Amino acid sequence: MYDAAIIGTGPAGVSAALTLHANGKNFIWIGSEQLSDKVQKAERIANYPGLPMVTGAQMNEIFRRQCGELGIAVTDRMVNSVIPMDGSYALMAGADFYEAKTVLLATGVVAVGTLPGEADLLGKGVSYCATCDGALYRGKTIAVLCGAKRFEHEVAYLAELAEKVYCLPLYKGAGIDAANVEVLQERIVNLKAENDRLCGIVLKNGDELAVDGLFCLRESISPATLLPGLAIANGHIETDRRMATNLPGCFAAGDCTGRPYQYVKAAGEGNVAAYSMVEYLAHNK
């Protein structure tokens, strides 16, 4: 049981991790070991105090070095689900399970929206976790929406189980090499269902593919899907000035809480959220 779990490794997550570490809390920090891909790709950052006119790659390296010198490590996983428990939260990341008394959502903004009907068919042919649900589709035909090259090993894992895999990457240059995997540079525009279960996908070019399952492997999951019951307004997580959400012990910081989408704003919110988590833990021993 951790005191806290941080989901997300952008500036908000970095700031929160530094603050929780300074306050002696036992926490797990989940996300990409490379930190924020959005930061990494920034050409120039001019308004971050103390780091004038740095590139995104330089900022990420400074963050990594600072955390590394303090012994703060990232658990390189993608959280698929957060479940409220009795006074704590359970986090599912693939086949791994973690539990924390408080949780911070620093997930950024989900750039790719969900597919029509995706939420209704979750658990009915649609899955976000290859290692969790792959065995259910042994010998069957599946489609995989692959959001980044870092998920290609999960496509390869699914190919070992399924008879046929349609891989639809959201990037160029997919490097998946398996006899039963067909890579399609097409976009899914709709899902088909029969008897309240997924039975096919519709592509932008008009093709319809019959599939038994669809795995959506994205860089992040929308907060409302990640944690049902979370209050959302205009696509962002609702928080108060303490960065507390409507769910006890759950906090949010960074781009996921709304504009402006600025690194300095995210770092500030991460700091505030971490102190609020420390206060919450002190009052709920």
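Sequential numbering from 1 along the given sequence is applied to the chain's residues. Here the structure is a predicted model, which means the values were calculated and not measured.
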With rounding to the nearest 0.5 angstrom, report the NZ to CD distance, K204 to E186. 8.5 Å
V202 with L145, same ILVMFWY side-chain cluster at under 4.5 Å: no
Answer yes or no: is there a side-chain heavy-atom contact under 4.5 Å between D255 and K38? yes
For T55, which residues count as a side-chain hydrogen bond (donor to acceptor under 3.5 Å, both in side chains) partner, sequence neighbours excluded? Q58
For a side chain to side chain contact (heavy atoms under 4.5 Å, CB included) check, start with the C-alpha distance between Y128 and L122, then their side-chain angles and the critical distance, and finish with the verdict. CA-CA 8 Å; Y128 297 144; L122 187 61; 3.7 Å; yes
Quick one: are I142 and L214 in side-chain contact, heavy atoms under 4.5 Å? no
Do other residues, nucleotides or ligands put more than 12 heavy atoms under 6.0 Å from R259 CZ? no
With no hydrogens and no angle check, is any side-chain donor or acceptor of N26 less than 3.5 Å from a backbone partner on Y2? no
State the OG1-CZ distance between T75 and F27, to the nearest 0.5 angstrom. 10.0 Å
Identify the two heavy atoms, one from C67 and one from V14, that lie closest to each other, and give their separation to 0.1 Å. SG-CG1, 4.1 Å
Side chain to side chain contact (heavy atoms under 4.5 Å, CB included), that's the test. Do C167 and E182 meet it? Break it down for me. CA-CA 6 Å; C167 179; E182 184 178 349; over 6 Å; no
Would you check if L184 and L203 make a side-chain contact, meaning some heavy-atom pair closer than 4.5 Å? yes
Any chance you could measure L226, atom CG, to I83, atom CD1, to the nearest 0.5 Å? 10.0 Å
Where the side chain of E238 meets the backbone of I232, is there a donor-acceptor pair that is under 3.5 Å apart? no
Quick check on the hydrophobic clustering: are Y275 and Y280 connected, directly or via other members, by side-chain heavy-atom contacts under 4.5 Å? no
Should E118 and R218 count as an ion pair when the cut-off is N to O under 4.0 Å? yes
Atom pair NE2 (H153) and CD1 (I176), whose distance is rounded to the nearest 0.5 Å: 11.5 Å
Is the NZ atom of K192 crowded by more than 12 outside heavy atoms at less than 6.0 Å? no
The reported gap from SG in C199 to CG in L209 (rounded to nearest 0.5 angstrom) is 11.5 Å
In the single-linkage hydrophobic clustering (I, L, V, M, F, W, Y; side-chain heavy atoms under 4.5 Å), do I62 and M59 co-cluster? yes
Non-hydrogen atoms of A273 and A252 that approach each other most closely: CB-O, 4.5 Å
Side chain to side chain, Q66 and L18, heavy atoms closer than 4.5 Å: yes
Full working for side chain to side chain contact (heavy atoms under 4.5 Å, CB included) between V155 and F151: CA-CA 7 Å; V155 181; F151 299 126; 5.5 Å; no
Hey, mind stepping through E154 and K149 against salt bridge (Lys or Arg N to Asp or Glu O under 4.0 Å) and telling me if it holds? CA-CA 10 Å; E154 296 192 41; K149 288 189 76 69; over 6 Å; no
Does one side chain, of Q34 or N60, offer a donor that lies under 3.5 Å from an acceptor on the other? no
Nearest heavy atoms of L35 and R64, plus distance in Å: CD1-CG, 3.4 Å
Within 6.0 angstrom of D177 CG, more than 12 heavy atoms from elsewhere: no
Does R187 reach the side chain of V189, with side-chain heavy atoms less than 4.5 Å apart? yes
Is there a donor-acceptor pair under 3.5 Å between the side chain of T257 and the backbone N or O of A253? no
So, for S36 and G10, which heavy atoms are closest and what is the spacing to 0.1 Å? CB-CA, 3.7 Å
Can you give me the closest heavy-atom contact between G173 and E152, atom names plus distance? O-OE2, 4.5 Å
Is it true that F215 and Y137 have ring centroids separated by less than 6.0 Å? yes
Would you say R44 and M53 make side-chain contact, with heavy atoms under 4.5 Å? yes
Does any non-hydrogen side-chain atom of P11 lie less than 4.5 Å from one of F63? yes
Can you check whether R150 reaches S32 side chain to side chain, under 4.5 Å on heavy atoms? yes
Distance col, row I6:CD1 vs W29:CH2, nearest 0.5 angstrom, shows 7.0 Å
Would you find more than 12 non-hydrogen atoms of other residues, nucleotides or ligands less than 6.0 Å from K41 atom NZ? no
Given the options D207, L168, N190, I201 meets side-chain contact (heavy atoms from CB on, under 4.5 Å) only with L168
Going by the side chain to side chain donor-acceptor pair (under 3.5 Å) test, which pairs reach into residues 12-21, not counting sequence neighbours? T19-N271
Starting from the C-alpha separation in whole Å, work towards a yes-or-no answer on side chain to side chain contact (heavy atoms under 4.5 Å, CB included) for K140 and E163. CA-CA 5 Å; K140 297 184 178 182; E163 180 179 359; over 6 Å; no
Cluster question for you: counting only ILVMFWY and a side-chain heavy-atom cut-off of under 4.5 Å, with indirect links fine, are L158 and V181 together? yes
Please check this pair: side chain of N246 against backbone of L230, looking for a donor-acceptor N/O pair closer than 3.5 Å. no
Within 45° cone of Y263 ring axis and under 6.0 Å: K265 NZ or CZ: no
Taking I7 as the starting point, is it possible to reach I28 by hopping between hydrophobic residues whose side chains are less than 4.5 Å apart? yes
Work out which heavy atom in A267 is nearest to a heavy atom in Y48; give both atom names and the distance. CB-OH, 3.5 Å
Side chain D240, main chain R242, donor-acceptor under 3.5 Å: yes
Only counting residues at least two apart or in another chain, list the ones meeting side-chain hydrogen bond (donor to acceptor under 3.5 Å, both in side chains) with E279. none
For the residue pair Y171 and Q185, confirm or rule out a side-chain donor-acceptor distance under 3.5 Å. no
